[in-house]
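Quick note on labels: first sequence line is chain A, next is B, and so on, each numbered from 1.
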Amino acid sequence: MVTTSAPRETTSRESAGHESAPRGATRLEEELRALAGAVPDPELPVLTLAELGVLRGLHVTGPGRVEVELTPTYTGCPAVEAMSADIERVLHEHGQAEVSVRTVLSPAWSTDDITAEGRRKLQEFGIAPPRPTGPAGPVMVGLAIRCPHCGSTETTLISRFSSTACKALRRCEACREPFDHFKEL
Amino acid sequence: MATAALALGDDALVLSHRLGEWAGHAPVLEEEVALANIALDLLGQARSLLSLVGDEDELAYLREERSFRNAQLVEQPNGDFARTIARQLYFSVHQHLLYGQLAAGDGPFAPLAGKAVKEVAYHRDHAEHWTLRLGDGTEESHARMQRALDDLWRYTGELFEPVEGLSVDRTALREGWLAAVTEVVERATLKLPDGPQTGAWTAGAGRQGIHTEPFGRMLAEMQHLHRSHPGASW
């Protein structure tokens, strides 16, 4: 499922929890990045921030001083503030006195940034994972969306928007269960 | 740059508030959620854009009506669901094309536009689908959708007026918008309005700070909590 379009400098699309550190990262930075990356997403706690692909960078700028770059899934995503607070707390607990979390918009986050492990966990949690977006645009209609409960591909769209901006609401025609689909962005 | 950031930021902020007014009133639960989600995306854009100009809260809550630079289209009251959808169609097609252009450039709005254009694609998709359902629906929904398109038409010309600091190809924007809107409207068995797109009375002067009568009341509601309890937080 992991695509290889649009290479990015500061993120890795390696599988979950084992993000390779950016070039030039120190051991301390690698360690802190793993800690920040292990913070659960406040709205989808089955996923870590690393699996969601929103942790863009971590730099130690001085003794006990860390700068973290975070990208929002959606521009208005209210979870960003909770994510920042959680990262700060975790890094404080690991001896970093001054933690600043900066929000970066570019390059824009895409559902392709969710790791393979992240997709597996979404599915397990009852949320149909996003399909690969490809270079042509965000909305691809060609591939069927599989019901996360029974696996049927006979599913229909109920609403383009669900409990959060990142999900659409669908129903399975085979088992009749409604389910969320993490829609492509 | 500040003029353009304010214009785009106010468009997003004001429309976000209008859509938020549907909370508790939408025709079905799914639409309640959809409109709130679209409002949230717009609020996120507004926060980014207004932060380029100054303090986002001060700009949103402490400015007077005459200082807002949003186009008059976005301040128009929700009306019935058809009217909200007509406003969404006109605006989201415009915003999608505009952000597409900005994202492709290297100006100050490129990072935000590159992010937001993907979200707005869903807003546009939502508006287009509803235009089709209402236009090609019952006699009643068809009539209401046509009336809404006609009523809001005179506010659409303003979207293509030049804005200082916004470098876009306005001809391409206008032509792209007209082609896209015409296509959806005709597919929905509706008629593209043929009146003037601006000029009637003050329609089209929002960017100069001249707003329509309902906007003052909207601002009063949007701002009163912040003004009554300065510095309050929870």
Side-chain angles (χ1 to χ4, degrees), chain A residues 5-6 8 10 43 53-54 56 69-81 83-84 102-113 130 132-141 156-171 178-185, chain B residues 8-9 12-13 15-16 19-20 22 26-49 51-52 56 88 92 95-96 99-100 102-103 105-130:
Chain A
S5 61
R8 295 176 186 196
T10 52
E43 282 179 353
V54 295
R56 281 283 165 84
E69 287 172 347
L70 194 65
T71 196
T73 53
Y74 279 69
T75 322
C77 181
V80 169
E81 282 164 30
M83 291 179 188
S84 300
R102 203 160 61 85
T103 303
V104 292
L105 292 176
S106 181
W109 179 85
S110 157
T111 39
D112 292 342
D113 294 338
T133 60
V139 186
M140 286 225 327
V141 289
T156 50
L157 181 70
I158 297 175
S159 175
R160 279 159 193 79
F161 298 88
S162 184
S163 55
T164 62
C166 54
K167 287 176 274 162
L169 189 60
R170 299 186 74 87
R171 180 177 43 228
F179 65 90
D180 271 334
H181 164 224
F182 204 119
K183 68 192 179 204
E184 295 74 27
L185 191 74
Chain B
L8 301 187
L13 174 68
L15 186 56
S16 165
L19 291 172
W22 272 108
V28 288
L29 185 60
E30 287 78 8
E31 275 314 297
E32 179 104 7
V33 170
L35 295 171
N37 271 314
I38 294 171
L40 188 61
D41 287 343
L42 289 165
L43 189 62
Q45 296 168 17
R47 293 186 64 180
S48 285
L49 288 160
S51 295
L52 295 173
E56 53 179 315
Q88 283 303 107
S92 64
Q95 200 187 28
H96 188 230
Y99 280 6
L102 292 172
D106 55 2
F109 304 119
L112 172 71
K115 172 95 200 123
V117 70
K118 303 199 289 175
E119 300 163 6
V120 175
Y122 280 105
H123 306 178
R124 177 177 170 176
D125 184 57
H126 174 262
E128 290 182 351
H129 275 87
W130 270 111

>> What's the separation between atom NZ in B/K118 and atom CG in A/L185, rounded to the nearest 0.5 Å?
In response: 4.5 Å
>> Report which part of A/T103 has an atom under 4.5 Å of a heavy atom belonging to chain B: side chain, backbone, both, or neither.
In response: neither
> Which bit of A/T164 comes within less than 4.5 Å of chain B, counting heavy atoms only: side chain, backbone, both or neither?
Replying inline: backbone
>> Looking at chain B, which one of A/C77, A/P78, A/P72 has the largest number of heavy-atom pairs inside 4.5 Å, strictly under?
In response: A/P72
> Taking atom CZ of A/R170 as the centre, does the number of heavy atoms from other residues, nucleotides or ligands within less than 6.0 Å exceed 12?
Replying inline: yes
>> Between A/T111 and chain B, with a heavy-atom cut-off of 4.5 Å, which part of the residue counts as in contact: side chain, backbone, both or neither?
In response: neither
> Between B/K115 (side chain) and A/P107 (backbone), is there a donor-acceptor pair under 3.5 Å?
Replying inline: no
> Which heavy atom of B/D41 sits nearest a heavy atom of A/A165, and at what distance?
Replying inline: OD1-CB, 4.0 Å
> If you count heavy-atom pairs under 4.5 Å with chain B, which of A/S106, A/S159, A/S163 comes out on top?
Replying inline: A/S159
> Which residues in residues 27-36 of chain B have any heavy atom lying under 4.5 Å from a heavy atom of chain A?
Replying inline: B/E30, B/V33, B/A34
> Mind checking whether A/F161 and B/H126 have parallel, tilted or perpendicular rings, split at 30° and 60°?
Replying inline: perpendicular
>> Below 4.5 Å, heavy-atom pairs only: which of B/L43, B/L112, B/L42, B/L40 has the largest tally toward chain A?
In response: B/L40
> Under 3.5 Å, is there a donor-acceptor pair between the side chain of B/N37 and the main chain of A/S162?
Replying inline: yes
